[in-house]
Amino acid sequence: MTFAINREENILRFTIKRPEIRNAINHEVIDGLEKLVSTVHNDSTIQFVVITGEGDEAFCSGGDLSIFHGLHTAHEAFPMLDRMASVLYNVATLPVPVIALVNGHAVGGGCEIATACDFRLVSSKAKAGFIQGSLAITSGWGGGTYLLEKLARQDIAMHMLCESKPYAADALLEKGWATQVYDGDKEQALQSFLIEMTQVEASVHRAYKQMLIRKWIGQNLLGQIKEEVKNCSLLWEAEEHHKAVQKFLSRKK
Ligand SMILES: CCCC(=O)SCCNC(=O)CCNC(=O)[C@H](O)C(C)(C)COP(=O)(O)OP(=O)(O)OC[C@H]1O[C@@H](n2cnc3c(N)ncnc32)[C@H](O)[C@@H]1OP(=O)(O)O
């Protein structure tokens, strides 16, 4: 199994379990995220959702290029992008706080997943970035839309998207992407964060989450995400994208 869903008291944790390829996303992991969403909707006692990656190297390296490289045209890429964007919107709009425990690198679609979460607890050793531009595509799972929505400074969000490079944890904190940066053990970092959060009733967290979701519905965030998906699928079929992916997959170390 390439993912795990575990419950610890009132916290539901989703772990991507593909450390050997830096927790890249395959179809099974997307199925897993769907399962996570339905589990939370069916259980009103869940207070927090945590998403993380197995191991110390990576939170998530984005789409599994060895699989998704098989999609050539916009027509072929669109269903994969659209499905993950819909699943991620469902994760982003869960009725409880969603925490990305960014235990290692979060690049490409991995950065999109973390950006869709409400909070990002980032290891001081991790790097994160919207590197899609270096593959001649944009974000395509809604991550660009979430970034432009969530960062206080639009120029910084645009710079992160256009520079298309990974940043160190301290820079991510300065840019306003990381909620907190931690040294050492990820479980301790999560624990400290949750101790503070649980000083407040879960019903209050749920109410604030509804406020955020109403705002996004009002501004048709999902419609904006669908446009992002469409544009990404058009860039996907360009020769430049396929060459860049081929170069990554055939690189010599
Ligand atoms: C489809 C939606 C949009 C997207 O997500 S586009 C995909 C964006 N992702 C990428 O371009 C992948 C970038 N990966 C990287 O930059 C690095 O692997 C990363 C995450 C910084 C980690 O660096 P390192 O710790 O040095 O590890 P490494 O590069 O030696 O990788 C270890 C093995 O994992 C593989 N890997 C990493 N990311 C992958 C991916 N996304 N898809 C498929 N395979 C991937 C990599 O090829 C390597 O495999 P091998 O051990 O050489 O067989």
Side-chain angles (χ1 to χ4, degrees), residues 2-3 16-31 33 51-89 91 100 102-117 122-147 160-161 163-169 171-172 225-226 228-238 240-253:
T2 52
F3 70 89
I16 309 167
K17 289 169 73 83
R18 309 185 79 201
E20 67 290 350
I21 60 163
R22 305 304 181 253
N23 296 319
I25 302 290
N26 61 6
H27 292 287
E28 191 178 58
V29 176
I30 304 177
D31 294 343
L33 287 169
I51 299 181
T52 195
E54 188 165 281
D56 294 331
E57 303 286 347
F59 169 76
C60 173
S61 61
D64 184 334
L65 294 171
S66 64
I67 299 173
F68 297 147
H69 187 41
L71 308 169
H72 290 285
T73 64
H75 187 70
E76 287 168 351
F78 181 83
M80 177 281 288
L81 295 170
D82 192 48
R83 177 171 181 233
M84 183 59 182
S86 300
V87 172
L88 208 48
Y89 181 77
V91 170
V102 184
N103 54 301
H105 301 317
V107 295
C111 191
E112 300 194 51
I113 294 171
T115 307
C117 297
V122 181
S123 160
S124 57
K125 293 185 180 146
K127 288 187 172 184
F130 287 81
I131 61 166
Q132 290 88 332
S134 65
L135 296 178
I137 54 171
T138 61
S139 54
W141 289 348
T145 303
Y146 294 116
L147 187 75
M160 281 178 77
L161 295 170
E163 267 201 318
S164 300
K165 68 174 200 187
Y167 302 97
L172 293 163
I225 288 168
K226 294 282 175 185
E228 175 180 331
V229 171
K230 219 188 296 171
N231 282 326
C232 180
S233 68
L234 293 175
L235 292 173
W236 190 286
E237 68 183 4
E240 291 79 3
H241 170 58
H242 296 295
K243 272 193 195 153
V245 173
Q246 195 52 56
K247 193 170 163 196
F248 174 78
L249 290 174
S250 57
R251 81 205 148 125
K252 302 260 182 297
K253 289 186 215 161

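Start at 1 and go down the list; that is how both ligands and their atoms are numbered. All values below come from the heavy atoms of this structure, side chains included, with hydrogens, waters and symmetry mates left out.
- Taking only non-hydrogen atoms, the option from Leu71, Val245, Leu65 nearest to atom 42 (N) of ligand 1 is Leu65.
- Formation of a donor-acceptor pair under 3.5 Å by the Asp64 side chain with backbone atoms of Ile25 is not found in this model.
- The salt bridge (Lys or Arg N to Asp or Glu O under 4.0 Å) test applied to Lys125 returns no partner, not counting sequence neighbours.
- Under 4.0 angstrom from ligand 1, there are no non-hydrogen atoms of Leu249.
- When only interatomic distances are considered, the shortest N/O to N/O separation between Ser61 and ligand 1 falls below 3.5 Å.
- Here the side chain of Glu54 pairs no donor or acceptor atom with the backbone of Asn23 at under 3.5 angstrom.
- Close approach of ligand 1 to Asp64 is summarised as follows: ligand atoms under 4.0 Å from at least one heavy atom of the residue are 42 (N), 43 (C).
- In this structure, Phe68 and His27 have perpendicular ring planes: the angle between them is above 60°, well past the 30° mark.
- A donor and an acceptor atom, one from each side chain of Thr138 and Glu228, are nowhere located under 3.5 Å apart.
- Among the atoms of Ile137, none of the N or O lies under 3.5 angstrom from an N or O of ligand 1.
- Here Ile131 has side-chain heavy atoms under 4.0 Å from ligand 1, and that is the only part of it that gets that close.
- For the pair Gly63 and ligand 1, the shortest N or O to N or O distance falls below 3.5 Å.
- The Gly62 neighbourhood of ligand 1 comprises atoms 5 (O), with distances under 4.0 Å to a heavy atom of that residue.
- Contacts with ligand 1 closer than 4.0 Å are made by side-chain heavy atoms of Arg251 only, the backbone lying farther away.
- Annotation for ligand 1: atoms under 4.0 Å from non-hydrogen atoms of Ala24 are 40 (C), 41 (N), 42 (N).
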All N/O donor-acceptor pairs, side-chain side in residues 75-87, below 3.5 Å, sequence neighbours left out:
{"unit_1": "Glu76", "atom_1": "OE1", "unit_2": "His72", "atom_2": "N", "d": "2.5"}
{"unit_1": "Glu76", "atom_1": "OE1", "unit_2": "Thr73", "atom_2": "N", "d": "3.1"}
{"unit_1": "Asp82", "atom_1": "OD1", "unit_2": "Lys226", "atom_2": "NZ", "d": "3.1"}
{"unit_1": "Arg83", "atom_1": "NH1", "unit_2": "Asp31", "atom_2": "OD1", "d": "3.4"}
{"unit_1": "Arg83", "atom_1": "NH2", "unit_2": "Asp31", "atom_2": "OD1", "d": "2.6"}
{"unit_1": "Arg83", "atom_1": "NH2", "unit_2": "Glu34", "atom_2": "OE1", "d": "3.0"}
{"unit_1": "Ser86", "atom_1": "OG", "unit_2": "Asp82", "atom_2": "O", "d": "2.9"}
{"unit_1": "Ser86", "atom_1": "OG", "unit_2": "Lys226", "atom_2": "NZ", "d": "3.3"}

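- Checking only distances, Arg22 does come within under 3.5 Å of ligand 1, N or O to N or O.
- Not a single heavy atom of Lys127 lies less than 4.0 angstrom from ligand 1.
- Which parts of ligand 1 touch Leu135 is read off a 4.0 Å heavy-atom cut-off, strictly below it: atoms 6 (S), 7 (C), 8 (C), 11 (O).
- Of the possible donor and acceptor atoms, none in the side chain of Thr2 sits under 3.5 Å from a partner among the backbone N and O of Glu28.
- Distances between N or O atoms of Gly109 and those of ligand 1 include at least one value under 3.5 Å.
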